[in-house]
Amino acid sequence: MIIESIELKDYRNYEGMKIEFSPSTNIIYGDNARGKTNILEAAYISGTSKSHRGSRDKEIIRFDMSEAHIRTKVIKNDKNYQIDIHLKKNGRKGIAINHVPLKRASDIFGILNIIFFSPEDLDIIKSGPDKRRRFMDSELCQINKIYLNDLTNYNKVLNNRNKLLKDIFFKPENKKTLDVWDEQLTNYGKRIISTRRRFVSEIAPIVSKMHSDISGGREELSISYEPDIDDMFFYDELIRNREKDIRTGSTSTGPHRDDISFLINGVDIRKYGSQGQQRTCALSLKLSEIKLVEDVIGEKPVLLLDDVMSELDRKRQNDILSSLEDMQILLTCTGVDELIKSRLHIDRIFEIKDNKAVEINCTNQEEV
């Protein structure tokens with residue numbers, strides 16, 4: 001799977017720009033705040049319909065413009081795909097695959113599989129549970145359409161239930177309508193819990209082996225799924241907590257409060273691990289995604305590395321580089337000297353300046 005090209009119009013700081021990538025390693029470098037990450041963001045949106053930053057569509061559109069366009073050409077399983085995304089300041093985004101409009105933005109999942117790795121991901125272990133839930137959801141939504149549907153519906157029902165809980169505080173007569181939402185929340189929630197449990201059990205041995213390799217076999221990592229509630233008792237717990245939920249105006253139990261535990265030699269490194277242990281674990285977790293996706297779809301995903309190499313010491317850089325074979329990489333950085341000196345084979349280098357991507361070919365430069 002590769003991204004052949006990305007074309008941007010009135011997107012972030014780019015008035016108009018097209019960049020064509022190598023099937024292997026592509027370096028995008030330049031000073032901070034020049035728009036390097038914006039290119040990776042466009043690739044991520046092309047695979048998921050959403051920004052990894054959580055930005056709203058109108059925040060992505062270039063200043064004083066009313067709309068923006070992303071056109072991404074992809075090769076997957078020897079088939080060509082053109083992904084067109086039309087972002088609007090006032091209105092819903094439009095998405096088309098090979099010129100055929102999608103009815104739902106979520107239908108884009110599965111065309112382009114993306115693994116995004118940023119410096120913030122190195123803090124996934126010590127951050128709050130929401131970051132680890134996002135990790136599970138991000139990966140599962142790309143490889144499991146049923147899970148995507150369950151999660152979407154669960155979140156809709158959860159929002160409706162929370163709104164009703166707030167209304168009941170002032171209108172107690174609406175309390176009887178909770179039964180409908182509780183049944184729906186239970187149905188979707190039980191499936192989410194089951195899928196997450198299976199996902200973590202599948203990825204656990206991969207992460208453990210990666211961590212053992214990186215740590216030189218000195219540490220034994222085990223990860224496990226920590227559901228907020230066992231799926232068998234989810235409905236009963238919703239009923240038991242009703243009065244508390246009405247008082248607080250929010251749903252106190254369910255998969256929206258799940259977590260993942262990480263133990264090294266039996267010690268919970270979320271609380272007691274050193275920064276080095278937490279980062280090595282985060283690195284193992286992200287790299288394991290590549291293997292998992294490959295096992296599911298039969299191809300390696302596209303890897304986006306957003307200035308993450310500068311956050312790692314030389315050993316961890318070598319560890320990540322040794323695992324990145326036979327796959328497409330889009331990597332941003334502020335300088336290329338260290339990467340050129342490393343074992344990383346580089347096919348194309350682009351410098352971002354004056355809101356343009358300039359390809360560096362040995363002694364000459366070609367503006368693209």
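Values in this document were obtained by computation on a predicted structure and should not be read as measured data.
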- Message: Please determine whether the number of non-hydrogen atoms from other residues, nucleotides or ligands lying under 6.0 Å from atom NZ of K209 exceeds 12.
- Response: no
- Could you check if a side-chain atom of F262 sits within less than 4.5 angstrom of a side-chain atom of L285, using non-hydrogen atoms only? yes
- Message: If we count only N and O atoms by modelled type, under 3.5 Å, do the side chains of D347 and S24 hold a donor and an acceptor together?
- Response: yes
- Message: Let's go through Y188 and T152 carefully: what are the C-alpha distance in whole Å and the side-chain angles of both, what is the deciding distance for side chain to side chain contact (heavy atoms under 4.5 Å, CB included) to 0.1 Å, and is it a yes or a no?
- Response: CA-CA 9 Å; Y188 293 121; T152 301; over 6 Å; no
- Task: With sequence neighbours left out, write down each residue that passes salt bridge (Lys or Arg N to Asp or Glu O under 4.0 Å) with K126, or none if nothing qualifies.
- Result: D123
- Query: Checking side chain to side chain contact (heavy atoms under 4.5 Å, CB included) for the pair T253/L238: CA distance, chi angles, key distance, verdict?
  - Reply: CA-CA 7 Å; T253 190; L238 284 174; 4.0 Å; yes
- Message: How long is the straight-line distance from CD of E351 back to CZ of R34, given to the nearest 0.5 Å?
- Response: 9.5 Å
- Take atom CZ of R104 as the centre, draw a 6.0 Å sphere, and report whether it contains more than 12 heavy atoms from other residues, nucleotides or ligands. no
- Any side-chain heavy atom of M1 sitting closer than 4.5 Å to one from V302? yes
- Note on the structure: The remaining residues in the hydrophobic cluster of F170, counting side-chain heavy-atom contacts under 4.5 Å among Ile, Leu, Val, Met, Phe, Trp and Tyr, are F169
- Does E219 reach the main-chain N or O of H211 with its side chain, forming a donor-acceptor pair under 3.5 Å? no
- Query: Taking C-beta and beyond as the side chain, do D245 and L178 meet within less than 4.5 Å on heavy atoms?
  - Reply: no
- Query: Less than 4.0 Å between a side-chain N and a carboxylate O, is that true for D179 and R242?
  - Reply: yes
- Item | Close side-chain approach of L140 to T195, heavy-atom, < 4.5 Å | yes
- Determine whether I269 and L263 make a side-chain contact, defined as any pair of heavy atoms from C-beta on separated by less than 4.5 Å. no
- Note on the structure: The side chain to side chain donor-acceptor pair (under 3.5 Å) partners of N113 (sequence neighbours excluded) come to K76
- Query: Could R62 and D10 be called an ion pair, given the rule that one side-chain N must be under 4.0 Å from one carboxylate O?
  - Reply: yes
- Message: Any side-chain to backbone donor/acceptor pair from K166 onto G249? Under 3.5 Å, distance only.
- Response: yes
- Taking R133 for the side chain and H256 for the main chain, is one N or O donor matched with an acceptor at less than 3.5 Å? yes
- Task: List the atom of Y29, the atom of T334, and the distance in Å for their closest heavy-atom pair.
- Result: CD1-O, 4.1 Å
- Would you call E237 and R240 a salt bridge, taking side-chain N to carboxylate O under 4.0 Å as the test? yes
- Message: Using the rule side-chain hydrogen bond (donor to acceptor under 3.5 Å, both in side chains), only one of K93, E67, K9, R92 pairs with H86; which is it?
- Response: E67
- Message: Checking D137 against Y147 for the side chain to side chain contact (heavy atoms under 4.5 Å, CB included) test, could you report, in this order, the C-alpha distance in whole Å, the side-chain angles of both residues, the deciding distance, and whether it holds?
- Response: CA-CA 9 Å; D137 292 340; Y147 181 85; 2.4 Å; yes
- Note on the structure: Here the gap from T177 atom OG1 to L164 atom CG, rounded to the nearest 0.5 Å, amounts to 4.0 Å
- Query: So, does D228 use its side chain to make a donor-acceptor pair with the main chain of G254 at under 3.5 Å?
  - Reply: yes
- Task: List in chain and number order the residues that pass salt bridge (Lys or Arg N to Asp or Glu O under 4.0 Å) with R270, two or more places apart in sequence or in another chain; answer none if no residue qualifies.
- Result: E226, D259, D268
Quick one: side chains of residues 198-207, donor-acceptor pairs under 3.5 Å with protein atoms, not counting sequence neighbours, listed by atom name and distance.
residue: S201; atom: OG; partner: R197; partner atom: O; Å: 3.4
residue: S201; atom: OG; partner: R198; partner atom: O; Å: 2.7

- Go through the side-chain N and O atoms of R53 and N38 and say whether any donor and acceptor fall under 3.5 Å apart. yes
- Item | Point-to-point distance, once rounded to the nearest 0.5 Å, from CD1 of I329 to CD1 of I27 | 7.5 Å
- Message: Does N90, at its CG atom, have more than 12 non-hydrogen atoms belonging to other residues, nucleotides or ligands within less than 6.0 Å?
- Response: no
- Output yes when D57 and K88 qualify as a salt bridge under the 4.0 Å nitrogen-oxygen rule, no when they do not. no
- Sequence-distant partners of E59, salt bridge (Lys or Arg N to Asp or Glu O under 4.0 Å), two or more places apart: R56
- Presence of salt bridge, E243 and K175, under 4.0 angstrom: yes
- Return yes when atom NZ of K145 has more than 12 non-hydrogen atoms of other residues, nucleotides or ligands closer than 6.0 Å, and no otherwise. yes
- Message: When you group the ILVMFWY residues by side-chain heavy-atom contacts below 4.5 Å and let the links chain together, are F109 and I75 in the same group?
- Response: no
- Message: Run T332 and D306 through side-chain hydrogen bond (donor to acceptor under 3.5 Å, both in side chains) and show every step you take.
- Response: CA-CA 5 Å; T332 67; D306 187 21; 2.7 Å; yes
- Message: Between R132 (side chain only) and I125 (backbone N and O only), is there a donor and an acceptor less than 3.5 Å apart?
- Response: yes
- Query: With no hydrogens and no angle check, is any side-chain donor or acceptor of D230 less than 3.5 Å from a backbone partner on M232?
  - Reply: yes
- Look at D258 together with R196 and state whether they make a salt bridge at an N to O cut-off of under 4.0 Å. yes
- Item | Shortest non-hydrogen contact from A43 toward L112 | O-CD2, 3.8 Å
- Message: I'd like to know if the side chain of Y14 reaches the main chain of I39, judged simply by a donor and an acceptor atom lying under 3.5 Å from each other, with no hydrogens or angles considered.
- Response: no
